[in-house]
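Take a look at the following structure, please.
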Amino acid sequence: MAEQWLILGAGSIGGLWAARLHQALRAPTLLLKEDAFADYRGLTIDGEGIVPVAAATPSQLNRPIDRLLVCCKSYQTLDALSPLAPYFHNETSLVLVQNGLGIAEEIKALYPRIKLYCGTTTAGANRLDRFTIRPAGEGETLIGAFDGSVRELKTIADSLSCEAFPVAASDTIQALLWRKLAINCAINPLTVRYRCHNGELLDIEAAREDMAAICSEFTEVSEALGRADWVPNLLATVTQVAEQTGNNRSSMLQDVEAGQRTEIEAITGYLCREAKRLAIPTPVNESLFQEVVSTHSPH
Ligand SMILES: NC(=O)C1=CN([C@@H]2O[C@H](COP(=O)(O)OP(=O)(O)OC[C@H]3O[C@@H](n4cnc5c(N)ncnc54)[C@H](OP(=O)(O)O)[C@@H]3O)[C@@H](O)[C@H]2O)C=CC1
Ligand SMILES: CC(C)(CO)C(=O)C(=O)O
């Protein structure tokens with residue numbers, strides 16, 4: 001059925017989304033690695049119970065992929081997509097929802113035929129174990145066309161939307177993703193440097209100074225790209241998000257504390273690569289990038 005989604009990346013966000021779509025009778029199917037599939041007995045939503053979302057491995061696929069939602073971490077995405085490539089066709093719609101930038105361009109270069117959509121979410125979730133998810137706050141999920149059909153965008157967004165996981169179409173997704181990148185650049189690596197919750201950054205003088213410098217470097221790069229109006233008053237925006245998410249440990253700090261690889265390459269790394277291309281110095285972002293990569297990433 002055309003409306004059914006395959007979901008790659010059955011972790012915190014992908015798992016929660018899949019469970020909500022299943023509960024709304026949309027019959028999504030999780031695409032799992034072989035070892036995960038062997039252990040899979042349904043998703044568990046903490047406090048609610050088991051949600052028996054269907055699952056398959058890429059080797060069990062027996063028909064072309066029409067609709068694929070990808071919720072892997074940025075650095076997992078290309079490897080995860082590779083066994084699915086034989087099933088892509090000209091009408092395959094792929095929706096990519098993750099923090100950071102740069103992967104969409106790489107997907108498009110590798111798989112030029114697909115219709116690509118990108119999204120961002122303020123919904124939150126944590127994994128208690130491989131298939132147990134604790135929802136951590138409802139939020140808004142917005143999807144826009146990277147190069148997919150604008151005409152089909154609303155149909156795509158509606159088919160991914162349900163009461164418990166609302167999704168809307170956005171015609172300003174590039175600006176929203178750029179703004180989210182700015183927020184992640186200005187909060188996530190600083191919570192690693194100062195080992196603190198998001199809100200505590202505002203109580204530490206050195207962190208506030210770093211935050212101002214990150215925002216200033218980000219704004220300079222934005223101006224050079226003609227995107228200054230995507231991030232007006234950036235420091236005020238970041239300060240507000242740090243306040244609103246004050247009790248959060250950022251996703252990057254959680255990864256570092258769990259000994260896992262972070263998404264620094266797709267966040268601060270992406271900004272630094274753009275800055276280098278434009279010959280704009282970004283020393284504060286550079287130093288944070290090196291710090292998070294060398295001190296905390298196990299690669
Ligand atoms: N969690 C949240 O609240 C939010 C997350 N985001 C963003 O969403 C994205 C996903 O984050 P999150 O859900 O937390 O990440 P998780 O680590 O919880 O989930 C990633 C999932 O991808 C799976 N995966 C990795 N490689 C493959 C593969 N080759 N084939 C199939 N599945 C694979 C992992 O499986 P396994 O573990 O078995 O390897 C895991 O289930 C990130 O970019 C994050 O920044 C954005 C907003 C909020
Ligand atoms: C907005 C913020 C900083 C909230 O914690 C986030 O997106 C993250 O932790 O990755």
Side-chain angles (χ1 to χ4, degrees), residues 6-19 29-40 43 53 55-59 68-84 95-104 118-142 165 177 179-192 196-201 211 237-258 260-268 270:
L6 295 175
I7 300 182
L8 182 67
S12 308
I13 280 294
L16 179 64
W17 202 337
T29 298
L30 302 173
L31 281 175
L32 301 177
K33 290 182 279 192
E34 300 286 343
D35 64 325
F37 183 76
D39 291 344
Y40 181 70
L43 293 172
V53 181
T57 63
S59 63
L68 179 65
L69 171 64
V70 180
C71 298
C72 298
K73 293 278 179 70
S74 49
Y75 55 83
Q76 299 167 329
T77 308
L78 298 183
D79 281 349
L81 284 177
S82 131
L84 306 180
V95 176
L96 179 69
V97 176
Q98 57 188 202
N99 279 344
L101 289 181
I103 303 298
C118 293
T120 179
T121 185
T122 56
N126 295 302
R127 266 203 300 181
L128 304 185
D129 63 35
R130 200 169 204 178
F131 297 118
T132 304
I133 297 150
R134 175 174 288 165
E138 288 175 14
E140 190 182 35
T141 302
L142 294 167
F165 204 104
L177 292 173
R179 182 176 175 276
K180 183 73 193 290
L181 182 77
I183 291 166
N184 287 139
C185 281
I187 293 180
N188 296 27
L190 289 183
T191 61
V192 175
C196 65
H197 288 78
N198 296 357
E200 289 171 321
L201 290 172
M211 194 181 269
T237 302
V238 168
T239 302
Q240 193 183 20
V241 174
E243 276 165 3
Q244 283 166 347
T245 63
N247 291 328
N248 280 22
R249 278 155 56 248
S250 79
S251 56
M252 196 170 282
L253 180 59
Q254 288 185 48
D255 287 339
V256 166
E257 288 180 343
Q260 282 167 3
R261 185 171 169 180
T262 72
E263 294 185 288
I264 191 75
E265 283 92 352
I267 296 175
T268 307
Y270 183 84

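In each ligand, atom 1 is the first atom listed, and ligand 1 is the first ligand listed.
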Heavy-atom nearest neighbour in the protein, as seen from atom 23 (C) of ligand 1, with distance rounded to 0.1 Å: G9 CA, 3.8 Å

Any A123 heavy atom less than 4.0 Å from ligand 1: yes

Sub-4.0 Å heavy-atom approach of A125 to ligand 1: yes

Heavy-atom nearest neighbour in the protein, as seen from atom 8 (C) of ligand 2, with distance rounded to 0.1 Å: S251 OG, 3.4 Å

Nearest neighbour in protein (non-hydrogen) for atom 15 (O) of ligand 1: K73 CE, 3.3 Å

Part of S12 with heavy atoms under 4.0 Å of ligand 1, whether side chain, backbone, both or neither: both

Where ligand 2 meets K180 - atom numbers and elements under 4.0 angstrom, heavy-atom basis: 7 (O)

Atom 9 (C) of ligand 1: nearest protein contact (heavy atom, Å): C72 O, 3.7 Å

Parallel, tilted or perpendicular: rings of Y40 and F131 (30°, 60°): perpendicular

Ligand 2 N/O within reach of S250 N/O, cut-off under 3.5 Å: no

Residue L31 vicinity, atoms of ligand 1 by number, heavy atom under 4.0 Å: 31 (C)

Heavy-atom side-chain proximity of N99 to S74 below 4.5 angstrom: no

Region of A80 engaging ligand 1 - heavy atom pairs below 4.0 Å: both

Non-hydrogen atoms of L84 and P58 that approach each other most closely: CD2-CB, 3.7 Å

Approximate separation, where rounding is to 0.5 Å, of I13 CD1 and I7 CD1: 11.5 Å

Check: G124 N/O within less than 3.5 Å of ligand 1 N/O: no

Check: C72 main-chain N/O paired with Q98 side-chain donor or acceptor under 3.5 Å: yes

Shortest protein contact, atom 3 (C) of ligand 2 (heavy atom only): N188 OD1, 3.2 Å

Nearest protein heavy atom with distance in Å, relative to atom 20 (C) of ligand 1: Q76 OE1, 3.7 Å

From CG (N184) to CD1 (I267), nearest 0.5 Å: 4.5 Å

Closest candidate by heavy atom, reference atom 5 (O) of ligand 2, pool V238, T262, N198: N198

Nitrogen or oxygen of A36 less than 3.5 angstrom from that of ligand 1: no

Pairwise side-chain contact, Q244 with T122, heavy-atom cut-off 4.5 Å (strictly under): no

pair Q254-N126: side-chain heavy atoms closer than 4.5 Å: yes

Sub-4.0 Å atoms of ligand 1 with respect to non-hydrogen atoms of L8: 30 (N), 31 (C)

Under 3.5 Å: N/O of K180 near N/O of ligand 1: no

Short N or O distance, N99 and ligand 1, threshold 3.5 Å exclusive: yes

Between OH on residue Y75 and CD on residue E265, distance to nearest 0.5 Å: 9.5 Å

Residue part near ligand 2, for M252, under 4.0 Å between non-hydrogen atoms: neither

Expected output: side-chain T57 to main-chain E34 donor-acceptor under 3.5 Å: no

Taking atom 45 (O) of ligand 1 as the reference point, the nearest protein heavy atom with its distance: E263 OE1, 2.6 Å

Polar contact flag for S74 and ligand 1 (N/O pairs, less than 3.5 Å): no

N198 and its side-chain hydrogen bond (donor to acceptor under 3.5 Å, both in side chains) partner, picked from T191, N188, T245: T245

Minimum-distance protein heavy atom relative to atom 2 (C) of ligand 1: I13 CG1, 3.4 Å

Nitrogen or oxygen atoms of K33 and ligand 1 under 3.5 Å apart: yes

Within 6.0 angstrom of R134 CZ, more than 12 heavy atoms from elsewhere: no

Atom CG of D39 with >12 non-hydrogen neighbours under 6.0 angstrom: yes

Min N/O separation T245 to ligand 2 under 3.5 Å: no

N/O separation below 3.5 Å, T121 to ligand 1: no

The single option from L81, L30, T77 passing side chain to side chain contact (heavy atoms under 4.5 Å, CB included) against L8: L81

Point-to-point distance, once rounded to the nearest 0.5 Å, from CG of L68 to CG of L96: 9.5 Å

Contact check, A136 vs ligand 1, heavy-atom distance below 4.0 Å: no

Residue and atom name of the nearest protein heavy atom (relative to atom 10 (C) of ligand 1), distance in Å to one decimal: C71 O, 3.2 Å

Heteroatom distance test (N99, ligand 2): nitrogen or oxygen, under 3.5 angstrom: yes

Atom 17 (O) of ligand 1: the protein heavy-atom neighbour that sits closest, reported with distance to 0.1 Å: R127 NH2, 3.5 Å

Within-4.5 Å side-chain heavy-atom neighbours: W17 and T141: yes

Euclidean distance, S12 OG relative to K73 NZ, rounded to 0.5 Å: 7.0 Å

Geometric N/O contact R130 with ligand 1, under 3.5 angstrom: yes

Nearest-option assignment for atom 2 (C) of ligand 2, heavy atoms, candidates I187, T191, N184: N184

Heavy-atom side-chain contact between N248 and I187 under 4.5 Å: no

